[in-house]
Amino acid sequence: MVERRRSRSLLAVLVLASLALLTLDYRDDGDGSVTALQRQAQAAFAPLQEAFAGVVQPVGGFFSAIGGLRTLREENAALETELQELRDARVSQADIERENAELRELLDMQARLGVATTGALVIAQPSGSFNWSVLIDAGADQGLLPGMAVVNGDGLVGKLVEVTAGNARVQLLTSPDAGYAVRVADTGEQGRLTGRGSEPFQLEVINQEAEVAAGAEIVTHAFAGTSILDGVPIGTVAEGTDPDQGSRYLSVRPYVDFGRLGFVQVVLDQRVYPEDLPLEERIPGPDLTVPSPAEGEEST
């Protein structure tokens, strides 16, 4: 406490002396007497000035540090903003690359099937475990009709069951209500595929004695009364048949990831396979009946 009072007294003396010297310097007539007095005063008060500077400089440094901290915070905020923009750009770029790859796969599938299609985007995923269908952003205005097959770059997705002017509902291949005629790609063995929700498909092989190997590819089979074209990839057999047990029910793993449906294609130019020949389109075959001999003529 005593030291603090003494420092304050010395500071007061220093200030008064400085004011006095300034006044004398203003009135100096040029003979140098005041200048000499100023030099002597500066020498006498130099220790006090150093002490005063020692007290004042930390305060000035504190306020300078506050200003520097504000600048650092502003620079840090700018860097964080720039970093977030770079992250967003990276995510957007990855999303664009994924979409491009998906579209290329769609084009490859279209070329493989050799059919006319129209593209659509899935706009609503299944809302629950009992709703195995999705909505797409295309409908009757694009030429869509119920029963048309829906595919993506991996294989068969399902078929249209409801169509409005601008949208359509797709019954997924996973639906328990969905059933498709299929065949084993390499052997031609025929069967019926049934959806089982989130579980692998169930394949019922018609020929109970047929041998189907694990990993065999399953594709669609043209069937009467449907518009599902032939040869669309579906998946692979999880476990082959056991000749000893003779079971004809197999599990099939799908190619399509039904939890990540994005872009799809609807097959437009596939007609419905008739269950029988339409009567109005039947062309009579040759008459193979043998006419009976005319009366009075002998048959040869």
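- Within the 4.5 Å cutoff, no side-chain heavy atoms of Val219 are placed close to those of Ile234.
- Taking CG from Asn152 and CZ from Arg260, the interatomic distance works out to 10.0 Å, rounded to the nearest 0.5 Å.
- Checked by atom type and distance alone, the side chain of Thr194 never pairs as donor or acceptor with a backbone atom of Gly179 at under 3.5 Å.
- The backbone N or O of Val266 lies less than 3.5 Å from no partner atom in the side chain of Thr117, so there is not a single donor-acceptor pair.
- At least one side-chain heavy atom of Met148 sits under 4.5 Å from a side-chain heavy atom of Leu160.
- Remark: side-chain polar atoms of Asp108 are not paired, donor with acceptor, to backbone N or O of Ala111 under 3.5 angstrom.
- Between Leu261 atom CG and Asp257 atom CG the span is 7.5 Å, to the nearest 0.5 Å.
- Here the side chain of Gln142 pairs a donor or acceptor atom with the backbone of Gly139 at under 3.5 angstrom.
- Atom CD of residue Glu189 and atom CD of residue Glu209 lie 10.5 Å apart, to the nearest 0.5 angstrom.
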_Between Leu113 and Leu229, does the side chain to side chain contact (heavy atoms under 4.5 Å, CB included) criterion hold? Intermediate values first, please._
CA-CA 9 Å; Leu113 299 177; Leu229 64 163; 4.1 Å; yes
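- The closest donor-acceptor contact from the side chain of Thr220 to the backbone of Val182 lies at 3.5 Å or more, if one exists at all.
- In the displayed structure, Phe223 atom CZ is contacted under 6.0 Å by at most 12 heavy atoms of other residues, nucleotides or ligands.
- Applying the salt bridge (Lys or Arg N to Asp or Glu O under 4.0 Å) definition to pairs two or more places apart or across chains, none involves residues 134-153.
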*asked:* The test is side chain to side chain contact (heavy atoms under 4.5 Å, CB included); show your working for Val212 and Thr187 and say whether it passes.
replied: CA-CA 8 Å; Val212 181; Thr187 66; 5.7 Å; no
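- Residues that satisfy the salt bridge (Lys or Arg N to Asp or Glu O under 4.0 Å) test with Arg192, not counting sequence neighbours, are absent from this structure.
- Pairs passing the salt bridge (Lys or Arg N to Asp or Glu O under 4.0 Å) check and including a residue from residues 214-234, sequence neighbours excluded, read Arg183-Asp230.
- Among pairs with a residue in residues 144-159, none fulfils salt bridge (Lys or Arg N to Asp or Glu O under 4.0 Å), at least two apart in sequence or across chains.
- Ser251 is not listed as a side-chain neighbour of Glu199, based on a closest heavy-atom distance of 4.5 Å or more.
- The main-chain N or O of Val115 is never found under 3.5 Å from a side-chain atom of Asp269 such that the two would form a donor-acceptor pair.
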Let me have the donor-acceptor pairs involving side chains of residues 166-174, under 3.5 Å, with sequence neighbours excluded, atom names and distances please.
residue : atom : partner : partner atom : Å
Asn167  : ND2  : Ile136  : O            : 3.1
Arg169  : NH1  : Ser133  : OG           : 2.9

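- Think of Leu135 as one node in a network of Ile, Leu, Val, Met, Phe, Trp and Tyr side chains linked at under 4.5 Å; its network also takes in Ile123.
- Once rounded to the nearest 0.5 Å, the distance linking OG1 of Thr236 with CG of Leu250 reads 11.5 Å.
- In the hydrophobic clustering of ILVMFWY residues, with side-chain heavy atoms under 4.5 Å counting as a link, Phe258 and Val122 come out together.
- For the atom pair Tyr249 OH and Gln202 CD, the distance stands at 6.5 Å (nearest 0.5 Å).
- Rounding to the nearest 0.5 Å places NE2 of His221 at 9.5 Å from OG1 of Thr226.
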